[in-house]
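Just so it is clear, the values below take in all heavy atoms, side chains as well, and ignore hydrogens, waters and symmetry mates. Residues: numbered from 1 along the sequence shown.
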Amino acid sequence: MDSKPSRRWRALAMPLGLVLTASVGMAGVAVASTQNAATATAAQDGEKLSYVVNTATDASTIERVKKEITKADGTVVTAYKKIGVIVAHSTNPEFGDTLRAVKGVDSAGATRTAPIQAAATTDVGKPQYVQTPKSTSAATAQAKAQGEEPLESLQWDKRAIKADQAHKISEGSKKVTVGVIDTGVDDTHPDLQANFSAEQSASCVGGKADTSEGAWRPFDAANDYHGTHVAGIIAAPRNDVGIAGAAPGVQVSSIKVSEKETSLFYTEAVVCAMVFAADHGVEITNNSYYIDPWLYNCRNDKDQGALVDSVSRALKYATGKGTATVSSAGNSSQDLAAAELTDDTSPNDSTPVERTINPATCPDMPTMLPGVTSVSATGPENLKSYYSNYGAGQIDVAGPGGDTRYQTPEPPAKSGGVLSTMPDGEYAYLQGTSMAGPQVAGVAALIKSKHPKVSPQELGWRLKAQAQTVKCPTKYDPDGKGTYAATCTGVPGNNSFYGHGLVDALAAVKK
């Protein structure tokens, strides 16, 4: 496995005997730079870029700015009037600067550094997956007799958060929906079909919601499997098929935001998804990604600052409408509370430039934004996963994300990865904070099922208050060579590795 983490989302591919997944690492040229170096984007002549333009929310300002966008050789894609965010396209290299000078515009910036291009179709090979036991097999019959799903014995992650015990009390309510903001979900999967909410699903690729039948599904099942895997971790039902999710009685919806072919998650799509979820009664969203093309978005950069503004507005709107946001903390093994960090992967849609940033002013979105429940990952031995980001005051809770290198599950589990659903009715192991986040989203759904009137803020507090305390390890150096060595600071119940602890599904249904 490539030691460099995935740059597109919060999952790591695992070359195990039972699973073969494509590498999605983003390699690039590193060039010396600093946080304050000019990184603003301008379209070259003839290249079309996408922009977010942030304004006041009154109708007259928005209409006037839309006219200014047209005058600046731009095209309005859509306007989210309730939060004052307009999505626009333009080939004008001066578009960003022109709009920033318009009265009533708070900020404006390009959401990407690569031009928008028409997508072409390609054929790709399919990975090898875990073999699903037949319904007539002895293993399936034994699992059923024990009240388990056919593959549940392999789910060490659900035992770690006491989900198996919790389900004897409550599996969650069908009145609660977790929106999977991701690469799309294959809702035809036999282990997702019963709990899928099409009415709360859409594609937000490009920044405008498309609710047509199937728009929420992956573009390419072989490569865009991430969202389907996440959905199963949350809400695969107890139906004598495959696995069990953290909250098998709740619903999941799919809000697709990843670009075709590249699977990049741009700001305009994420803003659309957060607003769509809030407007369609989605109680919780799971966000197992960072927003491309910048791993960290610096507020003092005129483009990146506008992106932070747009997403912050969407988050605030969603929270106000009652939608809680759960996000994966990332796979870079970095201390998000450090005074400075090196980012040599951004922008990941063109040529990366090495820069030193201060995460306090250059947040990783959405996980470091206010109001978000940020989740680090643990392995089967309840230690921080080697790849997981951490940081005092930056991690709220931890969830099982897997660690196939340095941690071993107790039998009968066979892999330190997290087993879940894949497109076309398949199952596979993956690991990453991508897998930890949906465990927490599922537990949040159990809390929401028991306490329907709980606010997003209180939901976050309950997750932390009910979490299982995990102490800092005396020493953390998984390979003994310092490759992933890190220092855990804080006290039991509130530290830099696990936040307030490992989420507890049993406490969620009891308290």
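- In this structure, the side chains of Ser258 and Asp182 stay at 4.5 Å or more apart for every pair of heavy atoms.
- Using a distance-only test at 3.5 Å, with no hydrogens or angles considered, a donor-acceptor pair links the side chain of Thr323 to the main chain of Val282.
- Between the CG atom in Leu295 and the OG atom in Ser332 there is a gap of 5.0 Å [rounded to 0.5 Å].
- Taking the six-membered ring for Trp and thresholds of 30 and 60 degrees, Tyr386 and Tyr406 have ring planes more than 60 degrees apart, a perpendicular arrangement.
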Output, in order, the C-alpha distance, side-chain angles, deciding distance and verdict of salt bridge (charged side-chain N to carboxylate O under 4.0 Å, His left out) for Glu259 and Arg112.
CA-CA 12 Å; Glu259 296 276 315; Arg112 59 189 76 197; 3.6 Å; yes
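- Between the side chain of Glu410 and the main chain of Glu381, no donor-acceptor pair closer than 3.5 Å is present.
- For the residue pair Gln251 and Lys175, no side-chain donor N or O sits within less than 3.5 Å of a side-chain acceptor on the partner.
- Panel note: side chain Ser434, backbone Ala11; a donor-acceptor pair is recorded below 3.5 Å.
- For the pair Lys256 and Phe219, the cation-pi criterion (under 6.0 Å, within 45° of the ring axis) is fulfilled.
- Side chain of Tyr225 to backbone of Val185: no donor-acceptor contact under 3.5 angstrom is found.
- With contacts defined as side-chain heavy-atom distances shorter than 4.5 Å, the pair Val418/Tyr429 does not qualify.
- Formation of a donor-acceptor pair under 3.5 Å by the His500 side chain with backbone atoms of Thr469 is not found in this model.
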Quick one: do Tyr484 and Tyr476 satisfy ring pair (Phe, Tyr, Trp, His ring centres under 6.0 Å)? Show the steps, please.
CA-CA 8 Å; Tyr484 302 102; Tyr476 186 83; 8.6 Å; no
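- When atom types are taken as modelled, the side chain of Asp504 and the backbone of Ala467 share no donor-acceptor pair closer than 3.5 angstrom.
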Could you go step by step and tell me if Asp396 and Lys464 meet the salt bridge (charged side-chain N to carboxylate O under 4.0 Å, His left out) rule?
CA-CA 7 Å; Asp396 292 302; Lys464 291 186 283 189; 3.8 Å; yes
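- At a threshold of 4.5 Å between non-hydrogen side-chain atoms, the residues Leu463 and Ile447 count as touching.
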Begin from the C-alpha positions of Tyr427 and His189 and carry the test ring pair (Phe, Tyr, Trp, His ring centres under 6.0 Å) through to its verdict.
CA-CA 10 Å; Tyr427 297 85; His189 194 293; 5.1 Å; yes
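- When atom types are taken as modelled, the side chain of Asn297 and the backbone of Cys362 share no donor-acceptor pair closer than 3.5 angstrom.
- Atom NZ of Lys510 has 12 or fewer neighbouring heavy atoms from other residues, nucleotides or ligands inside a 6.0 Å radius.
- The backbone N or O of Val308 sits less than 3.5 Å from a side-chain atom of Ser312, completing a donor-acceptor pair.
- Between Val250 and Lys448, every side-chain heavy-atom pair lies at or beyond the 4.5 Å cut-off.
- Here Pro248 pairs with His167, Glu171, Arg238 under the side chain to side chain contact (heavy atoms under 4.5 Å, CB included) rule; sequence neighbours left out.
- Across Ser333 and Lys384, no two heavy atoms sit closer than the pair OG-NZ, 4.3 Å.
- Taking every heavy atom of both residues into account, Ala329 and Thr367 meet most closely at CA-OG1, 3.6 Å.
- No donor-acceptor pair closer than 3.5 Å links the side chain of Asn286 to the backbone N or O of Val180.
- At distances below 3.5 Å, at least one donor-acceptor pair connects side-chain atoms of Ser415 with backbone N or O atoms of Gly417.
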